[in-house]
Each structure stands twice: as structure tokens, then as C-alpha cells.
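Everything on this sheet refers to the single structure shown next.
Just so it is clear: chains get the letters A, B, ... in the order the sequence lines come, proteins before strands, and each one is counted from 1.
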Number of protein chains: 2
Amino acid sequence: MTPTAAKPRRGRPPKDSGGVLSRERILREALALVDEEGIEAVSMRKLARRLGVDPMSLYNHIDSKDALLDGIAEVLLSRLPAPSPAADLRDSMDTMAREFRATMLEHPRAAPLVLTRKLASLTALTPLEAVLSPLLAAGYPPDLAVHALRTVLAYLIGTLMREVNVAPTFSVANPEASRRRLADLEASGLPAVMSAAPYLAVCDHEQEFEFGLRILIDTLATMAAQPH
Amino acid sequence: MTPTAAKPRRGRPPKDSGGVLSRERILREALALVDEEGIEAVSMRKLARRLGVDPMSLYNHIDSKDALLDGIAEVLLSRLPAPSPAADLRDSMDTMAREFRATMLEHPRAAPLVLTRKLASLTALTPLEAVLSPLLAAGYPPDLAVHALRTVLAYLIGTLMREVNVAPTFSVANPEASRRRLADLEASGLPAVMSAAPYLAVCDHEQEFEFGLRILIDTLATMAAQPH
DNA sequence: ACCTGAACACCGTTCAAGT
DNA sequence: ACCTGAACACCGTTCAAGT
């Protein structure tokens, strides 16, 4: 909980902490704070303490706490790798999905900021292009291409939310808890639930992700070959 | 669910605030508060004020604010209609998905509590049975049935998150904002983004929901006919 | 232009005291 | 068994004042 070292925290700000204040430096430190302690541990005051600065100084660079959280989300989203040049429909959707997931899982505790906030800005426009372009090239009319894009995106958001929420501490799912859950499910008296209980009690995120992604991409690629 | 204890009296509730304190009454009022002002407007103190009670009285019925939010989520989830008896794979998944969506959209501001929290409890076990059962009957081995279930669930969570987050005020998407967005997209210089811009700038949630759901259910139903 | 500190109007929760 | 109020250790943000 409290820092182990009992340093005098209220004296002079440590000037070693990386230079002058700036929006960029604030966001970087904020992301680090989220990584370490989670989103709800973020406060303007705590962040300022980490930066060795008065809480109010942050407001010279960021409008509000809400804008701070949006800013963190944008930082994370901007870490999406630049798309590789040309590929077919299957490859490009597959790559986009995998990179999106990998990028979020690098910061599992911050990921919900991207997954649950309506980002007004237009970050990640080139990854968008990288998916839309092969859809159009494959024969999708623009309206259906957008539907296809949004379907995959919804699936990604849903699976990732499950991944990062179930294990916010990043510990593998507690085998103790999963054993108890298995027992509960088997006591439910519902036949289908009971026979699927061993699989309901655990969740291999990797496998889960692949299963649904495969279905979506296969179907969308197949649909491209059919008249719309 | 649990049989309510004998009430001291029937008839008119005392005072203006509607009777004695209870977990049930607290959760009902909390859901109303979320409906009116949103999740982040919820505080123990404000909730107590609405109930005409000291803030600390709430703690006789609820462990913490976090437990309160979990409780609201469970109330909402328990509003899922009981599944209709027997149906084929397509119908039962379709019905489950539609009812889940409808239930969430009745409380759009509270829905994120269900969509983003890891609910430990086993609410909604019978809807689960109602989906798993036809999957098994259609020939899915239990492990794949669970994959199929989770894929649809991920999609539902993702689409619904988009629906309730984009319009938390429940106003239809601002046409002004969407016109500006269109302009931005068309100025992006990215060819696919530009030609899909009119469709990216708006989002018909109904249509969007149907598109992805159709793909998933069709594919899962078709897969049932194939050897695993 | 940027930073500061006091101040305001809030929080969740502990605790001791009441009935 | 339930309710209360004071108290503690926090919040986000406004404002006036400093450099």
C-alpha cells in the first residue's frame, strides 16, 4: 500500500525526475501509474506527487482528470504498430486484430480506457485504412465494409474486456477459485451447464480469441467472394 | 429470489421515502440514481440522501461502494427474461442475444456495470443453459459449445459497449458532430477511409447489431452440421 | 507562461455511541 | 439488530497570488 521507504515526500521536488513538466511527460507518468496501481488509483494529487510537482501545475497542461484519462487512452492507442503495406483481406484483418490485442495486453490495466471510452480524436486512422482498404479491394461496398470492420472491432473489444477484467492483477486465473466454480456449476441442476462445467470454469484467453476471430475472418472473407 | 422476511406491516410505506431500509430498496434506488445521473454520479452519501437516511446506515446492508455497484449489475442482469422452453440453435441464440441487448438498453447508463465488471455470482444461469443446450443438441462437443457461447457473448459486449457509451445521454448522435467528423475523415488523405467516410461518420446501432449477429449465428449453426 | 498553496465542496469508510 | 454522527484521510477544481 504505502511506499516502503519513508522518504520526506513534501520537501523539494526531486529535480532528477525527468525535466520540466509537459503534457507528454504527464501522460507517460500517468500510464506508468495505471500500470502499477490500476485506473481507479489515479488521482491528480498522486500523479503530481510522483512528478514532484504541485497538483495544480498539471492543469497548465491538461484540462481535467477526464481529459487525462482520455490522453492515456490515446497514448496507448497510438502504440499500435504502423500497418505493413499490402496484404490480402484475411492477412490484414488477422494482423490488425492480433496487433490490437497485443498492444492492449502490454498495458492490461490501462486497456479499459481504450476499450470503454468514446475517443473523440482520430488516432489510429492508418490502421483503419489498412483494414478498410482490403475490404474494398475484395469487393465490399463501402457501407458493408464499415459493417464488417465494426463487427470485428466489437468482437475484439468484447474479448479483450474479458481478458483484462478477469485478471486485472495479471495473475493467472486462480485454480482454487476455478475449482469452487466448477463445483457450483455442477450443482446447478441444469443439464447443459453441468456437462459443459469443466470448460465454463476456466478460460484460455488465447484459444478463445482464436476461435471467434477465425469464424469472423473466414466468414467475412467468404462473403467477399459473393455478390452483395 | 430469496423469500422475503415477514413484513412488519402492509399498506402505506412510512414517510416520504418509502419504507424501511433493505438491500433490495437500496439497490433499487441506486439503479434509479444511475439511470438519472450516470454511474460516476453515484456516491454513498448521495444515495443515502435520496433514501432519507444516514450514509452509514447503508453499510448495514451493503459491504462497500464496490459491492453496491456489483449489486446494481446483478439486479440488471436478473432482469433477463426467463428463456422460452425449446427452440433450435438459431432461434435460441438469436433470442438470447436480442433479449440481452433489450435488457441492457432499458438501462443504458447502468449497462456498463454488467458489461465491464467480472461478476463473481452465478446470476443468469438459466439463460446460459438455454444457449448451451441447443449447442450440445446440435452436436457441439462441450468445449466447442463454450467457445461458441463466449464468442457471441464477446460480440454482444462489444457492440453494446459502443451503443451505450456513444450516447450516454440517450440523445441520438449529434448530426452536427457527425458532419464535422465526415469532413475530418474526408480530409485524411487515406483513400479507403475517404470513400467509406459517409458510413464511418454515423452508426445505426440496430443495423450494426444485426449484421454481426447474423454472421455469427449463421456460421455457428452451419458449423454444427459439420464434423468437429 | 507557468507554477504554487489555500480553500471549497465533496468523497468512502472507521469507530464509538446510541436505540 | 439496526441506525447515527463525528472524524479521518482522502478527492477534483477555483482562485488569487507569485515567478
**Request:** Identify, residue by residue, the members of residues 60-68 of chain B with a heavy atom below 4.0 Å from DNA chain C, and return them in order of residue number, or none.
**Result:**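 DNA chain C contact set from residues 60-68 of chain B: B/Ser64, B/Lys65.
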Would you mind reading off the distance between [X] atom [atom1] and [N] atom [atom2], rounded to a whole angstrom?
X       : N      : atom1 : atom2 : answer
A/Leu58 : D/dC11 : CG    : P     : 13 Å
A/Asp54 : D/dT13 : CG    : P     : 14 Å
B/Arg49 : D/dT4  : CZ    : P     : 15 Å
A/Glu40 : C/dT13 : CD    : C1'   : 16 Å

With rounding to the closest Å, how many angstrom separate the [atom1] atoms on [N] and [M]?
N      : M     : atom1 : value
C/dC10 : D/dC8 : C1'   : 15 Å
D/dA17 : C/dA1 : C1'   : 15 Å
C/dA9  : D/dA9 : P     : 22 Å

**Prompt:** To the nearest 0.5 Å, how far apart are CG in A/Leu149 and CG in A/Leu132?
**Reply:**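 Going from the CG atom of A/Leu149 to the CG atom of A/Leu132 covers 5.0 Å.
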**Prompt:** Mind checking who C/dG12 pairs with, Watson-Crick or G-U wobble, both distances under 3.5 Å?
**Reply:**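 Base partner found: D/dC8.
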**Item:** C/dG18: pairing nucleotide in any strand, Watson-Crick or G-U under 3.5 angstrom
**Value:**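 Check on C/dG18: paired to D/dC2, both distances under 3.5 Å.
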**Message:** Base, sugar-phosphate or nothing for B/Met44? Non-hydrogen atoms, less than 4.0 Å.
**Reply:**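 Sugar-phosphate contact only.
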**Cation-pi check, B/Arg101 onto B/Phe209 ring (under 6.0 Å, within 45° of axis)** =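 Judged by the rule (NZ or CZ under 6.0 Å from the ring centre, within 45° of its axis), B/Arg101 counts as positioned above B/Phe209.
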Between [options], which nucleotide gets closest to the side-chain atoms of [X]?
X       : options               : value
A/Leu21 : C/dC11, D/dG12, C/dC3 : C/dC3
A/Arg45 : D/dG5, C/dG5, D/dG12  : D/dG12
B/Ser43 : C/dC11, C/dT4, C/dC15 : C/dC11

**Prompt:** OP1, OP2 of C/dT4 versus side-chain N and O of A/Ser57: anything below 4.0 Å?
**Reply:**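 True: A/Ser57 side-chain N/O within range (under 4.0 Å) of C/dT4 OP1/OP2.
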**Request:** Would you indicate, yes or no, if C/dT14 has its OP1 or OP2 atom less than 4.0 angstrom from a side-chain nitrogen or oxygen of B/Tyr59?
**Result:**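 False: B/Tyr59 side-chain N/O out of range (4.0 Å or more) of C/dT14 OP1/OP2.
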